[in-house]
Amino acid sequence: MAEIKIDNEKLMAGVKKIQDKYGFVTQEEYAKFAKENPEKTHVVIGEAGLALIDAMVGKPFEELTVDDMSELQGAGADVDPETTVICFLASASVGGVLSALKC
């Protein structure tokens, strides 16, 4: 199984850069910043996401095995769909009622 780990020091350095750039440290300060600068909040969130991605350590995706890639992206092997008679009847009933109302 492929492991993705976070380099906490690198993540915190990224967070510190964001805090210094925008002038907030606490959640209350960020809330005030977001209220006063709603047009900038998506930029801050994007920068935080990039800091998180930058702090991830491990093999590049292309170097993983096919099994590891499938596990990370979700190959659907862990899903076992199951349809019961009740589910079928309920969906058929709803479909019939909606069809009757529409027509």
For residues 40-52, tabulate all N or O donor-acceptor pairs below 3.5 Å that involve a side-chain atom, not counting sequence neighbours.
{"residue": "T41", "atom": "OG1", "partner": "P38", "partner atom": "O", "Å": "3.0"}
{"residue": "H42", "atom": "ND1", "partner": "E39", "partner atom": "O", "Å": "3.1"}
{"residue": "E47", "atom": "OE2", "partner": "K21", "partner atom": "NZ", "Å": "3.1"}
{"residue": "E47", "atom": "OE2", "partner": "Y22", "partner atom": "OH", "Å": "2.8"}

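- Surrounding CE of M12 are at most 12 heavy atoms belonging to other residues, nucleotides or ligands under 6.0 Å away.
- Taking the salt bridge (Lys or Arg N to Asp or Glu O under 4.0 Å) definition, one finds that K35 meets it with nothing, sequence neighbours left out.
- In this structure, the separation between CD1 on I6 and CD1 on I53 is 9.5 Å, given to the nearest 0.5 Å.
- A salt bridge (charged side-chain N to carboxylate O under 4.0 Å, His left out) check over residues 48-58, counting only residues at least two apart or in different chains, returns the pairs K10-D54.
- Under the side chain to side chain donor-acceptor pair (under 3.5 Å) criterion, Y30 pairs with no residue at all, not counting sequence neighbours.
- D7 meets the salt bridge (Lys or Arg N to Asp or Glu O under 4.0 Å) test with no other residue; sequence neighbours excluded.
- For N8, the side chain to side chain donor-acceptor pair (under 3.5 Å) criterion is met by no residue, not counting sequence neighbours.
- For the salt bridge (Lys or Arg N to Asp or Glu O under 4.0 Å) test, no residue two or more places apart in sequence or in another chain qualifies with K32.
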